[in-house]
There are 2 protein chains.
Amino acid sequence: MSVLAETLRKHSSLSEKRIAKVAAAYKPFPTKHNQLLVRKGDVAKYLYFVEKGYLRVFVTDASGNQFTRFLIEEGMEGTAFPSFISQKISSASVQCVGKAEVLRISYDELQKLYQAVPEFERLYRKIIEMAYVSSIHRIETLISMNARERYLQLLKEKPKWFQQLPANVIAEYLGITKETLSRLKSTK
Amino acid sequence: MSVLAETLRKHSSLSEKRIAKVAAAYKPFPTKHNQLLVRKGDVAKYLYFVEKGYLRVFVTDASGNQFTRFLIEEGMEGTAFPSFISQKISSASVQCVGKAEVLRISYDELQKLYQAVPEFERLYRKIIEMAYVSSIHRIETLISMNARERYLQLLKEKPKWFQQLPANVIAEYLGITKETLSRLKSTK
DNA sequence: CTTAGCTGTTGATAAATGTCAACAAAATCA
DNA sequence: TGATTTTGTTGACATTTATCAACAGCTAAG
């Protein structure tokens, strides 16, 4: 049983038949190590569901520094969202963190799925709501906490990330340099 | 004609009749100078639409410092969103900035409105999507720019705010102190 | 009008975080 | 496996931003 089907079951009251229909619309997409799924300047044509591993959504500044906007973990879906919903070019890139297994559905397929499975639209709304709430949480963290507080909060909320993700990705997500993160770890 | 009706017309293809129906569901709510609409610890029972002025959504830390999570300007709606959608107690407060004119709709009324005007649910989804996109933009700004860059960006994107809002509210929104903002202004 | 509070500015200083460089350890790939 | 690249750590130092304090101007209330 795919992680996707389980996730659908958990977050909706769709019938098994409809779960199967939705799940079938997402196609496995084979990826390589650190593969870029959306490149800055592209239009994000697909929504990605993570079966295993992590995706990172990041932006770069003029000096080439990278900043991780979001980390998408197993059982979550995402893409360069502002580009995806507007179907305009993306300012962000999406990349596998190491090895990842993903499914994907195109923007057009997703629209068709709304027609074919009306309840799915409400589920999609819920997914967006959850994503929005988590982004609000992120904003609060960023405006109200210093680096150490953010680090400790993430350690508490997402302990797995520290085992499974390279430190520089975590640092980018926290909005600090990898050197600062390294020092926070050691002075615990 | 209310700002609300205009906004509905602009962002949806609802008929005039349905616009009237939706607009009628939002009730004027008289406010006083700096009135608190949602208090930390309350459940956010209402969604607020701003006809005039600004609302601020803010959190406080242990030392009593305030941090402005969002500013809701004329023609926008908002509330302590995580609390509103879950109907659980809010970690944030919502307050008028000075004098403001607002309309509001209760959580229950909103659910009824979905039933009565099905197209409204899609509109609501779009509103959430837009809010989500703008929160993503905020996150990027916060993780990738320093205080001066954030200040200059906001000055460019929201020049009105600097005329209409007190500097300490802007500073809280930028995630800096009012002293730092004052210095950024003078060293332009 | 006058007093008390709020708002914004400036200075001195401290604290937090970034930058750059060197190096060690680990992972990847040919 | 061995070579090469990536990742993580540490130190010295620079920069950014916060904190604390003083004060001036404005505003609102009695």
Side-chain angles (χ1 to χ4, degrees), chain A residues 31-36 53-54 56 58-68 71 95-100 141-155 161-188, chain B residues 31-36 53-54 56 58-68 71 95-100 141-155 161-188:
Chain A
T31 63
K32 298 204 171 117
H33 199 261
N34 290 340
Q35 182 171 339
L36 273 171
Y54 293 87
R56 57 188 280 262
F58 67 98
V59 292
T60 48
D61 69 11
S63 324
N65 301 311
Q66 298 193 345
F67 303 92
T68 294
L71 287 168
Q95 185 181 33
C96 300
V97 181
K99 289 209 169 304
T141 299
L142 288 167
I143 59 174
S144 70
M145 295 180 175
N146 64 24
R148 143 152 285 120
E149 291 166 331
R150 297 204 296 277
Y151 162 68
L152 291 173
Q153 175 179 275
L154 192 64
L155 196 57
W161 288 14
F162 289 83
Q163 298 154 17
Q164 301 178 337
L165 289 165
N168 59 348
V169 172
I170 304 261
E172 280 171 23
Y173 181 84
L174 286 169
I176 59 180
T177 60
K178 62 186 198 307
E179 292 93 337
T180 297
L181 176 57
S182 175
R183 283 185 251 266
L184 289 174
K185 280 184 190 171
S186 65
T187 65
K188 190 52 173 291
Chain B
T31 63
K32 298 202 171 117
H33 200 262
N34 290 339
Q35 183 170 339
L36 274 170
Y54 293 87
R56 56 189 281 262
F58 67 98
V59 291
T60 48
D61 69 9
S63 323
N65 300 312
Q66 298 193 344
F67 303 92
T68 294
L71 287 168
Q95 186 181 32
C96 300
V97 180
K99 288 211 167 304
T141 299
L142 289 168
I143 59 175
S144 69
M145 295 181 176
N146 66 22
R148 143 153 285 123
E149 292 166 332
R150 297 205 297 278
Y151 162 69
L152 291 173
Q153 176 180 275
L154 191 65
L155 197 56
W161 288 14
F162 289 84
Q163 297 153 18
Q164 299 178 339
L165 290 164
N168 60 346
V169 171
I170 303 262
E172 280 171 24
Y173 181 84
L174 287 169
I176 59 180
T177 61
K178 62 186 198 309
E179 291 94 336
T180 297
L181 177 56
S182 174
R183 284 184 251 264
L184 289 174
K185 280 183 191 171
S186 64
T187 66
K188 191 51 170 293

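Sequence lines set the chain letters: A, B, ... in the order given, protein chains first and strands last, and positions in each chain run from 1.
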Checking [X] now: which residues fulfil side-chain hydrogen bond (donor to acceptor under 3.5 Å, both in side chains) with it, not counting sequence neighbours?
{"X": "B:Ser144", "answer": "none"}
{"X": "A:Gln35", "answer": "none"}
{"X": "B:Asn65", "answer": "B:Asp61"}
{"X": "B:Thr141", "answer": "B:Gln153"}

Terminal contacting nucleotides, 5' and 3', DNA chain D versus chain A (heavy atom, 4.0 Å): D:dT7 to D:dA12
Pair A:Phe162-A:Tyr151, ring pair (Phe, Tyr, Trp, His ring centres under 6.0 Å): steps then yes or no: CA-CA 10 Å; A:Phe162 289 83; A:Tyr151 162 68; 5.8 Å; yes
Contact pattern, 5' to 3', of nucleotides 11-30 of chain C - B, S or - by protein heavy atom under 4.0 Å: BB----SSBB-------S--
Close side-chain approach of B:Tyr173 to B:Phe67, heavy-atom, < 4.5 Å: no
B:Lys178 and B:Glu172 ion-paired at < 4.0 Å: no
